[in-house]
Number of protein chains: 2
Amino acid sequence: MTSQPLSRARIVAAAVELIEREGADAVSMRRIASELGVGVMSLYNHVPNKGALLDGVAESVLSEIGFTDDPEAHWSDRVRMQARAFRQIAHHYPRCTMLVVSRQLHTDAGLLPVERALATLRSAGFDGVDAVRVLRLFIAFIVGSLLREVGVTPTFAPVHEAAIDAEKIDPELFPEVSALSELLGSCDHEAEFAFGVELLIQAIAVHPARREGTR
Amino acid sequence: MTSQPLSRARIVAAAVELIEREGADAVSMRRIASELGVGVMSLYNHVPNKGALLDGVAESVLSEIGFTDDPEAHWSDRVRMQARAFRQIAHHYPRCTMLVVSRQLHTDAGLLPVERALATLRSAGFDGVDAVRVLRLFIAFIVGSLLREVGVTPTFAPVHEAAIDAEKIDPELFPEVSALSELLGSCDHEAEFAFGVELLIQAIAVHPARREGTR
DNA sequence: ACCTGAACACCGTTCAAGT
DNA sequence: ACCTGAACACCGTTCAAGT
């Protein structure tokens, strides 16, 4: 069974599936090969090395996001939509997310979201310099948010439930943390992300660098 | 030489040094042991496993930041200072940064910055819920910014110089990216970070959730 | 209590050999 | 052109043996 010819696409797909099933640490060339029922070295006919395979995974996940951009919409709606589209990665491929944000892609798949974002910001009235600035601000926020959501750097605050239950947090040393421990211990990622996006949109909407009146 | 007794601290220090010298990929138990001139298994008398060692690295780097907080200062200055202190990690330990933001610390070293930030935000007039919200916003931004600065997710845009020089970016497909390629290709991390911090401070200063008039 | 070598079950990748 | 097994130089960690 599954004796379609081996191909880069099939190898990448197997890697994505394996990562989502068992986590990024489970990925090895040998493991993927056995998953596909081939010898390890067969993979090297389609992928130069493990790094390139991981790039393929990042690229594949990134290119699957549903980026529906409506150039007619208000710029703030377009920004909102693009940010939310990006966050879908964390939903659909949580365990691949780290790969997507940490491997720099030198392909069209990585350039497309950037192109769209820049076009949107230009249409919002920013010149080139400020469009790039604002894009970087959004990217930093989104990357940081996704990493929290995905379990790396959970709230960055290590207030795990165990610590709360065991009351391991010394209220003398950490009065605020212990007072807010329940809040810190749980996180509505959707709401938290929306809060940040709205605050950023609001902030750049009134930013002096933006020339008003553009659609 | 260097025949001080082995200890967790000495092992962690060797790991930090090795990471900064050769990168995170170079870290292995065997490598660190040989760096210290001991057998591999000697490490396990002071550290339960590699994961715990990496936690130690993150904790060590984090606890070395110069967090000088002045409770008398205006809250916006305190936020600014804390954000800048955090960014110093990327300067002093660039190759350990990924570890600091990606390993969740269950120790006081991780809680201290959180405690200080929450105290500052409370003093700025936020209630508990909003203090946590705003803290998370800042953390996301800072984590994302540091990762860019440190070379993971460079601009997230893969506009490396090679691509610019080789004009590999198709102006038909990516008009904005190719028009702004020089801007995208270089990044003043300091300025970019300051821009984000100021914009966030500005935004939360006028945020409705903040009760005015608090020091 | 601390150190250690041998051993086990893994890695990624090169190379030469097959078809 | 594609597949592959053997081999090499690595991993982290367990275990039993030393002091």
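Below, chains carry the letters A, B, ... as their sequence lines are ordered, and counting in each starts from 1.
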For the side chain of [X] and the backbone of [Y], is there at least one donor-acceptor N/O pair under 3.5 Å apart?
X        : Y        : value
A:His46  : A:Ile11  : no
B:Arg133 : B:Leu137 : no
A:Arg8   : A:Val47  : no
A:Ser63  : A:Glu59  : yes
A:Glu35  : A:Ala14  : no

**OP:** For DNA chain D, note the earliest and the latest nucleotide, 5' to 3', having some atom under 4.0 Å of a heavy atom belonging to chain B.
**Re:** D:dC11 to D:dC15
**OP:** Please list residues of residues 45-61 of chain B whose heavy atoms come under 4.0 Å from any atom in DNA chain D, ordered by number; otherwise none.
**Re:** B:Asn49, B:Lys50
Original post:
Are A:Val150 and A:Arg95 close enough that some pair of their side-chain heavy atoms sits under 4.5 Å apart?
Top reply: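 SC-SC contact between A:Val150 and A:Arg95 ruled out.
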Subject >> Heavy-atom side-chain proximity of B:Val100 to B:Tyr93 below 4.5 angstrom >> reply: no
**OP:** Identify, with sequence neighbours excluded, every residue that meets salt bridge (Lys or Arg N to Asp or Glu O under 4.0 Å) alongside B:Glu22.
**Re:** B:Arg31
Subject >> With sequence neighbours excluded, residues passing salt bridge (Lys or Arg N to Asp or Glu O under 4.0 Å) with A:Glu192 >> reply: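 Partners of A:Glu192 under the salt bridge (Lys or Arg N to Asp or Glu O under 4.0 Å) test: B:Arg136.
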**OP:** Quick one: do B:Ile204 and B:Phe138 satisfy side chain to side chain contact (heavy atoms under 4.5 Å, CB included)? Show the steps, please.
**Re:** CA-CA 11 Å; B:Ile204 68 170; B:Phe138 268 91; 3.9 Å; yes
Subject >> Rounded distance (nearest 0.5 Å) linking atom CZ of B:Arg78 with atom CD1 of B:Ile201 >> reply: 12.5 Å
Original post:
Just wondering, are more than 12 heavy atoms of other shown residues or ligands nearer than 6.0 Å to CZ in B:Arg84?
Top reply: no
Original post:
Listed in order of residue number, which residues of residues 37-44 of chain B have a non-hydrogen atom at under 4.0 Å from DNA chain C?
Top reply: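 Of all residues in residues 37-44 of chain B, the ones placing a heavy atom under 4.0 Å from DNA chain C are B:Val38, B:Gly39, B:Met41, B:Ser42.
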**OP:** Counting Watson-Crick and G-U wobble pairs whose two distances are both under 3.5 Å, find the runs of 3 or more in a row that involve DNA chain D.
**Re:** C:4-8 with D:12-16, C:12-16 with D:4-8
